[in-house]
Amino acid sequence: SPHSAIVSSLKRDLRKLEWYLITDPAAASVFGALFVCLNPYNRKVYVLDELYETDQAEMTVMKIGQRLRAMKQDLCPIEVDWYQGYDEAETWFAQEMLDHFGEAFTPTHKAKSDKESGLSLMKDIVLQGNLIVSDRCTKFFWEVDNYYKDKNGKIPKANDHLIDCFRYWLDASHYSLDHAPE
């Protein structure tokens, strides 16, 4: 969906939405991040923006941290609580974000999560019409479009940084299709 249309549709409910920044940090391959918001009343999921950095010179915490902060401000200009998560294997990132920016990030529980279940839930969200993805998320679209199983039925560990971020978000948000708050 066009980014401007999504942002316009969310403007009146900014404080009612749940805001997430989920990262898949890297210092040598791809640093990925997804900015997601959830409407807890209708279970709509909005993937608003992404960061997909491949230039190692740009992967310092100082540079990435400044970009992440600016992107959050652009997406939601009012003060809201952001849940911020990171791939638990990359503790250096969380510590440096805390040291340099005073921002806390929560580790994922990917070691306990079943990849297939996360992908299945992602597919169900799409089929139910509950996933709205901004046209800013070109790499997310690319990863999803190129995601496949090999001849042995296994999912190769490649080109999945933003898909991993989405799976981490599913876990962090405790998303389910049938749950709505009272």
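Values in this document were obtained by computation on a predicted structure and should not be read as measured data.
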Student: If you group Ile, Leu, Val, Met, Phe, Trp and Tyr by side-chain heavy-atom gaps below 4.5 Å, do Ile6 and Ile22 land in one group?
Tutor: no
Student: Under the criterion side-chain contact (heavy atoms from CB on, under 4.5 Å), I'd like the reasoning laid out for Leu14 against Trp19: C-alpha separation, chi angles, the key distance, then a yes or no.
Tutor: CA-CA 9 Å; Leu14 293 178; Trp19 296 87; 3.6 Å; yes
Student: Which heavy atom of Thr23 sits nearest a heavy atom of Ala33, and at what distance?
Tutor: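 Smallest interatomic distance, heavy atoms only, reads CG2-CB, 3.9 Å.
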Student: Is a side-chain donor or acceptor of Asp24 paired with a backbone partner of Gly32 at a separation under 3.5 angstrom?
Tutor: no
Student: Please lay out, stage by stage, how Met97 and Tyr86 fare under the test side-chain contact (heavy atoms from CB on, under 4.5 Å).
Tutor: CA-CA 11 Å; Met97 284 298 291; Tyr86 72 98; over 6 Å; no
Student: Below 30° counts as parallel, above 60° as perpendicular, anything between as tilted: where do the rings of Tyr20 and Tyr83 land?
Tutor: tilted
Student: Using a 3.5 Å cut-off and no angle test, enumerate the donor-acceptor pairs between side-chain atoms of residues 52-65 and protein atoms at least two apart in sequence or in another chain.
Tutor:
residue, atom, partner, partner atom, Å
Glu53, OE1, Arg67, NH1, 2.5
Glu53, OE2, Asp55, N, 2.9
Asp55, OD1, Ala57, N, 3.0
Gln56, NE2, Ala28, O, 3.0
Thr60, OG1, Lys63, N, 3.2
Lys63, NZ, Ala57, O, 3.2

Student: Would you kindly check if the NZ (Lys) or CZ (Arg) of Arg43 is within the cone defined by 45 degrees around the ring axis of Tyr175 and under 6.0 Å from the six-membered ring centre?
Tutor: yes
Student: Is the shortest heavy-atom distance from the side chain of Val36 to the side chain of Glu18 under 4.5 Å?
Tutor: no
Student: State plainly whether one hydrophobic cluster holds both Ile132 and Leu170, where clusters connect Ile, Leu, Val, Met, Phe, Trp and Tyr through side-chain heavy atoms under 4.5 angstrom apart.
Tutor: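 As far as the 4.5 Å side-chain criterion goes, Leu170 and Ile132 are not connected within one cluster.
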Student: Does the Thr108 side chain pair with the main chain of Glu88, one donor and one acceptor, at a distance under 3.5 Å?
Tutor: yes
Student: Between Gln95 and Asp99, is any side-chain donor less than 3.5 angstrom from a side-chain acceptor?
Tutor: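 Checked: Gln95/Asp99 side chains pair up, N/O donor to acceptor below 3.5 Å.
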Student: State, to 0.1 Å, how close Leu17 and Pro40 come at their nearest heavy-atom pair, and which atoms those are.
Tutor: CA-CD, 4.3 Å
Student: For residues Leu34 and Phe166, report the shortest heavy-atom separation together with the two atoms involved.
Tutor: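 Shortest heavy-atom contact: CD1-N, 3.8 Å.
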Student: Kindly give the heavy-atom pair with the smallest separation between Phe105 and Gly85, and that separation in Å.
Tutor: CD2-O, 3.6 Å
Student: Are the side chain of Asp145 and the backbone of Phe141 linked by a donor-acceptor contact shorter than 3.5 Å?
Tutor: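 Not a single qualifying donor-acceptor pair exists.
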Student: Taking the six-membered ring for Trp and the full ring for Phe, Tyr or His, determine whether the centres of Phe31 and Phe93 are under 6.0 Å apart.
Tutor: yes
Student: State yes or no: do Tyr168 and Leu38 share one hydrophobic cluster built from I, L, V, M, F, W and Y residues joined by side-chain heavy-atom distances below 4.5 Å, directly or via other members?
Tutor: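 Yes, because Tyr168 and Leu38 connect within a single hydrophobic cluster, where side-chain heavy atoms sit under 4.5 Å apart.
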Student: On a heavy-atom basis, which atom in Ser134 and which in Leu48 lie closest, and how many Å separate them?
Tutor: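 Residues Ser134 and Leu48, closest heavy atoms: CB-O, 3.3 Å.
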Student: Go through the steps to decide whether Asn39 and Asn42 satisfy the test side-chain contact (heavy atoms from CB on, under 4.5 Å), and finish with yes or no.
Tutor: CA-CA 6 Å; Asn39 183 325; Asn42 65 13; 3.1 Å; yes
Student: Hey, does the side chain of Ser173 reach the backbone of Trp169 with a donor-acceptor pair shorter than 3.5 angstrom?
Tutor: yes
Student: Check whether any side-chain heavy atom of Thr91 sits under 4.5 Å from a side-chain heavy atom of Pro107, and report yes or no.
Tutor: no
Student: Show the atom names and distances, to 0.1 Å, of all donor-acceptor pairs under 3.5 Å that link a side chain in residues 71-81 to residues at least two apart or in another chain.
Tutor:
residue, atom, partner, partner atom, Å
Lys72, NZ, Gln84, OE1, 2.6
Lys72, NZ, Glu103, OE1, 3.0
Gln73, NE2, Pro77, O, 3.2
Asp74, OD2, Arg136, NH1, 2.9
Asp74, OD2, Arg136, NH2, 3.3

Student: How far apart are the closest heavy atoms of Asp160 and Glu143, and which atoms are they?
Tutor: C-OE1, 3.3 Å
Student: Would Ile163 and Val144 satisfy side-chain contact (heavy atoms from CB on, under 4.5 Å), going step by step from the backbone distance to the final call?
Tutor: CA-CA 7 Å; Ile163 290 172; Val144 170; 4.1 Å; yes
